[in-house]
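Heads up: the structure comes next, in structure tokens.
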Amino acid sequence: MIDIDGITKRYGKATVVDRVNLQIPRGGVVSLIGANGAGKSTLLSMVGRLLEPCDGRITVDGHDVQATPGPELARRLSVLRQENHLPVRLAVGELVAFGRFPHSGGRLSTRDHDHIDRAIAHLDLGPMAHRRLDQLSGGQRQRAFIAMVLAQDTDYVLLDEPLNTLDMRHAAQTMDTIRRMADDLDKTVVVVLHDVNVAAHHSDRIVAMKHGRVVADGSPSEVVDRDVLRHVFDLDVPVSHTDAGPVAMHFGRACTSGDAPLASRTGEFR
Ligand SMILES: Nc1ncnc2c1ncn2[C@@H]1O[C@H](COP(=O)(O)OP(=O)(O)OP(=O)(O)O)[C@@H](O)[C@H]1O
Ligand SMILES: [Mg+2]
């Protein structure tokens, strides 16, 4: 279980993650949604120890994230960041092999190679495994980073906007891969998504953040709900209930009667 207990992050006077409590038990797909600037990436970065909290504590299967040595944490939990800044001169296969580093320490075994090959095949990267990252399109590069995380083969997987830049087919394929990671490989996936319909279709649970706080947490049909979405996004979003679950018609007009004045909706938090 990932246990987030009273986590806070401040930059100067701005509190961007505000006393968040969240328990994520083993198994399943949890989507994290919320407006730009809501604090999703900051929260995920603290869970992955890429960022230090100001207050609170996070444990993963009882291990305090701040106190766990990096390689040990990296065998339990992997993180795909929203933006990746790795040397672009690397080849795809070399990048994916990085995912095995916490296990191999740099000397790749047959098992490591199996993981690398499988991850490359899963993300449709076979034909470009020898190409350098700077010779790929944005979406192909994004898939290479997802493959690296897949190769890391951790119990917990945190993905920050993995669908960013992916075309429709590769987005669907990536969500299927995420679902299979949970269903077939018993992994726990926490994924930041902007499309609430994708979140509704593929998640067991959706957590919504606003202004650094968790403001909704429940099943897809509980969270993809007109009143909840109005509160989360300050937007009136009609929701249709179909056999495939709730579908938000998110090209609705901006909410004019929400609980926040327009100025604070469009401005940065605090
Ligand atoms: N290094 C920093 N210094 C100051 N403020 C920061 C810093 N990093 C992030 N912030 C602020 O923290 C808030 C939360 O940012 P965060 O990246 O977590 O949002 P997000 O929910 O991931 O948004 P998006 O959907 O745009 O990715 C934003 O208002 C952002 O401007
Ligand atoms: Mg973000």
Side-chain angles (χ1 to χ4, degrees), residues 2 4-22 24 29-56 58 65-66 77-86 138-139 141-142 145-146 148-149 156-166 171 174-175 178 189-200 202-203 205-217 223-224 228-235 237 248 250-251 254-255 258 260-270:
I2 299 177
I4 298 170
D5 182 12
I7 280 295
T8 296
K9 183 71 184 176
R10 286 181 289 268
Y11 289 109
K13 285 186 180 157
T15 303
V16 302
V17 171
D18 194 2
R19 291 162 291 166
V20 166
N21 295 309
L22 198 60
I24 301 172
V29 177
V30 179
S31 287
L32 196 52
I33 64 167
N36 292 144
K40 306 176 298 294
S41 296
T42 306
L43 182 65
L44 225 59
S45 297
M46 290 190 286
V47 176
R49 212 178 65 169
L50 304 168
L51 207 58
E52 203 177 328
C54 299
D55 284 311
I58 301 170
V65 162
Q66 284 302 312
L77 181 139
S78 50
V79 191
L80 174 78
R81 307 178 72 157
Q82 189 171 355
E83 270 139 28
N84 292 288
H85 304 283
L86 270 183
R141 202 157 37 237
Q142 175 78 350
F145 279 99
I146 298 171
M148 175 180 73
V149 168
Y156 296 91
V157 182
L158 313 179
L159 304 168
D160 197 346
E161 298 196 33
L163 307 188
N164 187 7
T165 72
L166 297 194
T174 299
M175 289 312 299
I178 287 172
V189 185
V190 183
V191 54
V192 177
L193 294 169
H194 275 298
D195 189 327
V196 296
N197 293 327
V198 173
H202 295 275
S203 319
R205 174 180 172 194
I206 301 180
V207 174
M209 290 185 73
K210 181 178 186 176
H211 297 171
R213 297 201 174 128
V214 171
V215 292
D217 182 352
V223 178
V224 181
V228 174
L229 294 179
R230 184 188 287 117
H231 178 58
V232 174
F233 292 105
D234 295 308
L235 186 74
V237 188
H250 53 70
F251 293 101
C255 163
L262 191 61
S264 79
R265 274 187 250 147
T266 52
E268 282 287 65
F269 177 52
R270 287 184 194 167

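Both counts, for ligands and for their atoms, begin at 1 and track the order of listing. Hydrogens, waters and symmetry mates are skipped; everything else that's a heavy atom, side chains included, is used.
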Exercise. Looking only at heavy atoms, is any part of A14 under 4.0 Å from ligand 1, and if so is it the side chain, the backbone, or both, or is it neither?
Worked result: neither
Exercise. Is the backbone of E161 close enough, under 3.5 Å, to the side chain of Q142 for a donor and an acceptor to pair up by distance?
Worked result: yes
Problem set entry | Exam field: side chain T15 to backbone R10, donor-acceptor pair closer than 3.5 Å | no
Seminar exercise, completed: Counting heavy atoms under 4.0 Å, the part of V16 that contacts ligand 1 is side chain
Seminar exercise, completed: Within 4.0 Å of some non-hydrogen atom of A35, the atoms of ligand 1 are 21 (O)
Problem set entry | Residue R141 excluded, over 12 heavy atoms near CZ under 6.0 Å | yes
For this session: For Q82, take its heavy atoms, then give the atoms of ligand 1 lying under 4.0 Å from any of them.
Result: 27 (O)
Problem set entry | Qualifying residue, where the test is side chain to side chain contact (heavy atoms under 4.5 Å, CB included) with I58 and the options are M46, Q66, R49 | M46
For this session: Could you go through the side chain to side chain contact (heavy atoms under 4.5 Å, CB included) check for V196 and F233 one step at a time?
Result: CA-CA 11 Å; V196 296; F233 292 105; 3.9 Å; yes
For this session: Just jot down the ligand 1 atoms closer than 4.0 angstrom to any heavy atom of S41, in number order.
Result: 17 (O), 18 (O), 20 (P), 22 (O), 27 (O)
Exercise. Among the heavy atoms of G39, does any lie under 4.0 Å from an atom of ligand 1?
Worked result: yes
For this session: Under the salt bridge (Lys or Arg N to Asp or Glu O under 4.0 Å) rule, collect the residues that match up with D5, sequence neighbours excluded.
Result: none
Exercise. What is the minimum heavy-atom distance between L77 and G48, and which atoms define it?
Worked result: CD2-CA, 3.7 Å
Problem set entry | A35 backbone acceptor or donor facing K40 side chain under 3.5 Å | yes
Exercise. For ligand 1, is there an N or O atom under 3.5 Å from any N or O atom of L43?
Worked result: no
Problem set entry | Sub-4.0 Å atoms of ligand 1 with respect to non-hydrogen atoms of H194 | 25 (O)
Problem set entry | N, O or S atoms of the protein lying under 2.8 Å from the Mg ion (ligand 2) | S41 OG, Q82 OE1
Problem set entry | Nearest heavy atoms of A171 and L163, plus distance in Å | O-CD2, 3.8 Å
Seminar exercise, completed: Correct closest heavy-atom pair for K210 and H231 would be NZ-O, 2.6 Å
For this session: With V17 as reference, evaluate L43, V214, L51 under the side chain to side chain contact (heavy atoms under 4.5 Å, CB included) test and give the passing residue.
Result: L43
Exercise. Under 4.0 angstrom from ligand 1, any heavy atom of E161?
Worked result: yes
Exercise. Is G37 in polar range of ligand 1, meaning some N or O pair under 3.5 Å apart?
Worked result: yes
Exercise. With a 4.0 Å cut-off on heavy atoms, is M209 touching ligand 1?
Worked result: no
